[in-house]
Amino acid sequence: MTGLDLEITALLLPRAELVAAQRRQMFELLTRHFEGVTRAQFERDLAEKNWVILLIHEPNLVGFSTLLVYETSFRRAPVSVIYSGDTIVAPEAWGTAALPRAWIAAVNQLRASFPRGRYYWLLLTSGFRTYRFLPVFWREFYPRFDQPTPVDRQQLLEHLARERFGAQFEQRSGLVRFTHPQRLRADLSQIPAGRAADPHVAFFASRNPGHAQGDELVCLTELCPENLTAAGRRMVGPRRTGILPVSILAASETGKMPVLRF
């Protein structure tokens, strides 16, 4: 069965509501794709997040993304931020749009709980596939190959990175080098020859030459409808079948676990 054939259920739930079996499956999925992951480190990182997206093809977990949603300030004005932590999709689900659909729907829903100021995605990435999400779904994002980062966005990016990662953030390179990095396994970290010609992928590789060792490039994009590409707008509209609009209701609104089916 190919990724396009999978029926995937997407769950958005508060991190505190994860049950032991879900946490175990998340850890097992992460260790199949990353080196240098310990259970203690996984649990520490997870404890820092407040929301989780799970992608399930019954009975298996085929992907997840952990989120920290918070409000901070920049130049004496409020700023709302989504910081995405561990994110992985199993290869058998690569051909689906389940993660971007669920991710965009989730951050749109969570905006209601963090309404103040402009809304940004603070992304760390050590993999070119994750970096490619930016040009596919968002019109304006930084850093990028075809234009320099505007001064105000660069200052905001550096402010958020210093605030969250401290001395592990290197301003000159724009990279975060964790003391105990997670490294994509060799077959996933290598950039295939056919992808290296993509200017976005080539830019990622040049800005993050140590990506295979777990170095993380800090990226920033504003989360607003006007910043979505045509592909991004399709992620928030009805599916081609017209059956299912993408929306996720927070558990507090329904009293039940929020569920989407793809």
Side-chain angles (χ1 to χ4, degrees), residues 1-6 8 29-37 53 55 57 61-66 82-104 107 121-149 153 157 170 173-178 181-221 223 227-235 240 262:
M1 179 177 287
T2 67
L4 292 174
D5 297 324
L6 296 183
I8 293 177
L29 183 61
L30 198 65
T31 56
R32 289 204 298 271
H33 298 86
F34 283 88
E35 298 174 342
V37 183
I53 299 168
L55 303 179
H57 175 57
L61 181 73
V62 295
F64 72 87
S65 182
T66 63
I82 293 272
Y83 165 51
S84 53
D86 291 333
T87 300
I88 193 69
V89 175
E92 59 266 29
W94 283 357
T96 77
L99 179 60
R101 277 187 179 274
W103 200 94
I104 293 173
V107 300
W121 180 17
L122 178 65
L123 169 68
L124 297 190
T125 178
S126 62
F128 75 93
R129 293 178 182 86
T130 302
Y131 181 79
R132 281 291 284 127
F133 264 54
L134 294 172
V136 171
F137 298 113
W138 282 275
R139 297 171 60 237
E140 182 183 278
F141 61 91
Y142 302 101
R144 57 190 298 160
F145 82 92
D146 54 353
Q147 65 182 89
T149 304
R153 292 299 171 91
L157 182 153
E170 184 181 87
S173 65
L175 299 174
V176 169
R177 293 187 171 96
F178 288 117
Q182 295 179 175
R183 302 177 302 279
L184 278 167
R185 295 193 178 277
D187 57 327
L188 296 176
S189 65
Q190 293 176 354
I191 299 175
R195 302 298 299 274
D198 180 317
H200 294 290
V201 174
F203 173 80
F204 169 79
S206 68
R207 283 294 304 268
N208 190 4
H211 63 91
Q213 285 73 52
D215 289 355
E216 305 270 5
L217 179 65
V218 185
C219 304
L220 188 72
T221 189
L223 298 170
N227 198 29
L228 288 170
T229 63
R233 291 192 298 273
R234 287 195 294 272
M235 294 299 102
R240 292 179 185 176
F262 298 101

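Worth saying up front: this structure is predicted, and the values here are computed from it rather than measured.
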- Message: Does the plane of the ring in F141 sit parallel, tilted or perpendicular to the ring in Y131? Use 30° and 60° as the thresholds.
- Response: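 Answer is perpendicular, since the angle exceeds 60°.
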
Looking only at non-hydrogen atoms, find the nearest pair between [X] and [Y] and report the distance.
{"X": "A90", "Y": "H33", "answer": "CA-NE2, 3.9 Å"}
{"X": "I104", "Y": "G232", "answer": "CD1-O, 4.3 Å"}
{"X": "P192", "Y": "F128", "answer": "CD-CZ, 3.7 Å"}
{"X": "R207", "Y": "G174", "answer": "NH2-CA, 4.3 Å"}
{"X": "F204", "Y": "S126", "answer": "CZ-C, 3.6 Å"}
{"X": "P135", "Y": "T229", "answer": "O-CG2, 3.9 Å"}

Rounded distance (nearest 0.5 Å) linking atom [atom1] of [X] with atom [atom2] of [Y]:
{"X": "E35", "Y": "L30", "atom1": "CD", "atom2": "CG", "result": "12.0 Å"}
{"X": "I53", "Y": "T87", "atom1": "CD1", "atom2": "OG1", "result": "8.0 Å"}
{"X": "I82", "Y": "L123", "atom1": "CD1", "atom2": "CG", "result": "12.0 Å"}
{"X": "C219", "Y": "W138", "atom1": "SG", "atom2": "CH2", "result": "11.5 Å"}
{"X": "L99", "Y": "I8", "atom1": "CG", "atom2": "CD1", "result": "9.5 Å"}
{"X": "R185", "Y": "Q190", "atom1": "CZ", "atom2": "CD", "result": "13.5 Å"}

[Y] and [X], any side-chain heavy atoms less than 4.5 Å apart:
{"X": "F203", "Y": "P143", "result": "yes"}
{"X": "H211", "Y": "I191", "result": "yes"}
{"X": "T221", "Y": "F133", "result": "no"}
{"X": "V218", "Y": "L124", "result": "yes"}

Residues pairing under side-chain hydrogen bond (donor to acceptor under 3.5 Å, both in side chains) where one sits in residues 139-149, two or more places apart or in two chains, turn out to be E140-R153, Y142-Q147, R144-D146

Side chain to side chain contact (heavy atoms under 4.5 Å, CB included), that's the test. Do Q182 and D86 meet it? Break it down for me. CA-CA 10 Å; Q182 295 179 175; D86 291 333; 3.2 Å; yes

My understanding is that only one of L29, T130, T31 makes a side chain to side chain contact (heavy atoms under 4.5 Å, CB included) with I88; could you say which?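 That would be L29.
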
Residue pairs meeting salt bridge (Lys or Arg N to Asp or Glu O under 4.0 Å), one or both in residues 188-198, sequence neighbours left out, come to R132-D198

Next item on the list: Apply side chain to side chain contact (heavy atoms under 4.5 Å, CB included) to R177 and list each qualifying residue two or more places apart in sequence or on a separate chain.
Entry: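 Here the qualifying residues are E170, S173, L175, D215.
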
